[in-house]
Amino acid sequence: MSFSQRATALLQLPVSPLTWDGILNECDRLHADFLHIPSEFKWALDYKRFQVERDRGNNGLALAHLKAAIAATPYNADILGDYQELVKKTAGLEKMVLIISSKRTESQALRLADQFDQADIDYVIVSGADTPSIGHFRALQVDASDKYEARPQKVAAAFAWIYENIGGNVGVMKIDDDMLLLDAAQFKRSLAQFSGETLYTGVPSVTLSHDRCQHWGLCQDRELNRRVYGRPVLAPWAIGGAYYLGPKAVEKLVLATLRFPGLFEGEYYEDKLVGDILVFESVSLTAVPGFNAFGLSMPGLASPPPAAHSAAAPVAMPPSVPVPPAAKPSTLAVKSANPAPATTAAGQSAAVSARPKKRLDLTGLGSPLKVSPASDGNGK
C-alpha cells in the first residue's frame, strides 16, 4: 500500500482501547517507512497520537503530541482551540514573578529570592532541565536547556508553564537573577498598577546600536561564540533585566512560539525575541525610564529616577528601521555579578515586610514539565 492509502486507513480508525496500541504502532511504522511525510498528514498523525494519549489519561504525552500537530499546521484554528481548552485554567492570583536563573548562577537567584521572601512577594525560580535543580522550594525546571544559547527557549517555556499550569488570566513579571530589589514598596505598587490585558512594559533597548556579539564567550557551543547575531531590528524591545507582560500578551507569546518554533533559530537574546514576536502581534512597548521605576536595580547600570505620577508612553519605531506591515486581525476562530545591595536616591534600603509569607503551591498541577524541590544577555 502507498503512504496515502495507509495513512488514510489509519486516520479513519476510531480511537478506542482496542485500537490504541495499533494506532501508535502504525504511526511509528509510517515514520520509519517513508522519508517524506507531507505536513497535511504529519499533523494528522500527531493529532491521532494526541487523541490516544488523551483517552489513556497520559496528559503530558497528549500535550506534547498536540503541540507537534500545531507546529505542522499553525493556521488550523480547531486544534489551536483544542490546546486552549486542554490547558484552560483561571488562577486565583492575577500576577506572577518569574526569576530566570541557571544552576551556574544559583547564588544570585537565592540572593534575590531572599529579598522577595523578606518583602512577602510571590515568585518562582526558573532553570533548565539538563542541570541539577536549584536548591530552593520555589525552584522550577522547565523543558529546555540551561545553556546560555538556549535562554530564549527557557524563558518561553517558563511563560508557557505559567499559561498552562497557573492560568491564562495571569500577568507575568520576568526578572533576571542578577537584579537587586531596592524598594519593595515601589515594586509592589508598580506590579499592582499594571493594567491592560496586552500591556508590555520595560526599559527600552538601544535598538540600532545593539551589540551583535553580546553572546560571545557565554555560549557552550564554541562556534556560536564567534558567530555574529544576524537578525534584524524590528522595534525597541524591553531590556531583559525586568519586564512585564499582561495576560493576553503572555498568551500571544505562548501561541506564537508554539505555532512557529522556527522563531528560536539564530536567536540568542530572549528579550529581543519577546519584543519581535509582540511587534507582529501589534503589541507596542510601553517604556519606563529605568528599572528603579519597578523598585529594582541592575548592577552596573545607572538609570534616572522615575518621574512622579508620569504615565509611560509607547516607544516609537527607530528611524531607518524597516517597518513591518501592521498585523491583520486574526482570522483564527479559536474555540474557546554580586555587588553590595544599593540604596535608593534618598539613601533608604529596600523596604521589607515581616508579615507571614504566602506560598505558591506548585504541586498537583499535572504539568509535563519538571518541577523540582530550578535579553539582554547576562549569561544565565
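- Ring pair Y229/Y269: centre-to-centre distance below 6.0 Å.
- Using a 4.5 Å cut-off on side-chain heavy atoms (C-beta onward), N225 and Q220 make no contact.
- For the pair D183 and K188, the salt-bridge criterion is not met [side-chain N within less than 4.0 Å of a carboxylate O].
- Below 30°, between 30° and 60°, or above 60°: for H210 and W237 the angle between ring planes is above 60°, a perpendicular geometry.
- Between I134 and S101, the closest heavy-atom pair is CD1-OG, 3.7 Å.
- Atom CD of E197 is surrounded by more than 12 heavy atoms from other residues, nucleotides or ligands within 6.0 Å.
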Next item on the list: Begin with the C-alpha distance, continue with both residues' side-chain angles, and end with the deciding distance and a verdict on side-chain hydrogen bond (donor to acceptor under 3.5 Å, both in side chains) for D177 and T105.
Entry: CA-CA 8 Å; D177 63 5; T105 58; 2.6 Å; yes

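- Using a 4.0 Å cut-off between charged nitrogen and carboxylate oxygen, R49 and D46 count as a salt-bridge pair.
- We find the CG-CD1 distance between N76 and I70 to be 8.5 Å, quoted to the nearest 0.5 Å.
- For the atom pair L253 CG and E251 CD, the distance stands at 11.0 Å (nearest 0.5 Å).
- Between F137 and Y123, the distance from one ring center to the other does not fall under 6.0 angstrom.
- Side chain to side chain, R189 and Q186 meet the donor-acceptor criterion of an N or O pair below 3.5 Å.
- Take A71 and apply the side-chain contact (heavy atoms from CB on, under 4.5 Å) test, not counting sequence neighbours, and it matches P261.
- Minimum heavy-atom separation, I277 to A256: CG2-CB, 3.6 Å.
- With hydrophobic clusters built from ILVMFWY side chains whose heavy atoms lie under 4.5 angstrom apart, M173 shares a cluster with M298.
- In this pair, F159 and Y243 present their aromatic rings parallel. The plane angle is below 30°, not in the 30 to 60° band.
- Taking NZ from K272 and CD1 from I239, the interatomic distance works out to 14.0 Å, rounded to the nearest 0.5 Å.
- Nearest approach of Q115 to L181, heavy atoms of both residues: OE1-N, 3.0 Å.
- In summary, D221 and R227 do not engage in a salt bridge, as defined by a charged side-chain N under 4.0 Å from a carboxylate O.
- Summarising the geometry of Y148 relative to P152, their closest heavy-atom pair is O-CD, 4.4 Å, with the distance given to 0.1 Å.
- Between W43 and Y47, the ring-plane angle classifies as perpendicular under the 30° and 60° cut-offs.
- Smallest separation of non-hydrogen atoms from A150 and S145: CB-CB, 3.7 Å.
- Between S102 and K154, the shortest heavy-atom contact is CB-NZ, 3.8 Å.
- Taking Ile, Leu, Val, Met, Phe, Trp and Tyr as hydrophobic and joining them when side-chain heavy atoms fall under 4.5 Å apart, one finds W216 in a cluster with V228.
- Rounded to the nearest 0.5 Å, atoms CG (L30) and CG (N25) are 11.0 Å apart.
- The aromatic rings of F294 and F194 sit perpendicular to each other, their planes meeting at more than 60°, with 30° as the lower class boundary.
- Atom CG of residue L296 and atom CG of residue L112 lie 7.5 Å apart, to the nearest 0.5 angstrom.
- Both tests do not hold together for R151 against Y268: distance to the six-membered ring centre under 6.0 Å, angle to the ring axis within 45°.
- Between Q51 and D55, the side chains place no donor N or O within less than 3.5 Å of an acceptor N or O (distance only, hydrogens not considered).
- With rounding to the nearest 0.5 angstrom, the CE atom of M96 is 15.0 Å from the NZ atom of K174.
- Surrounding NZ of K248 are at most 12 heavy atoms belonging to other residues, nucleotides or ligands under 6.0 Å away.
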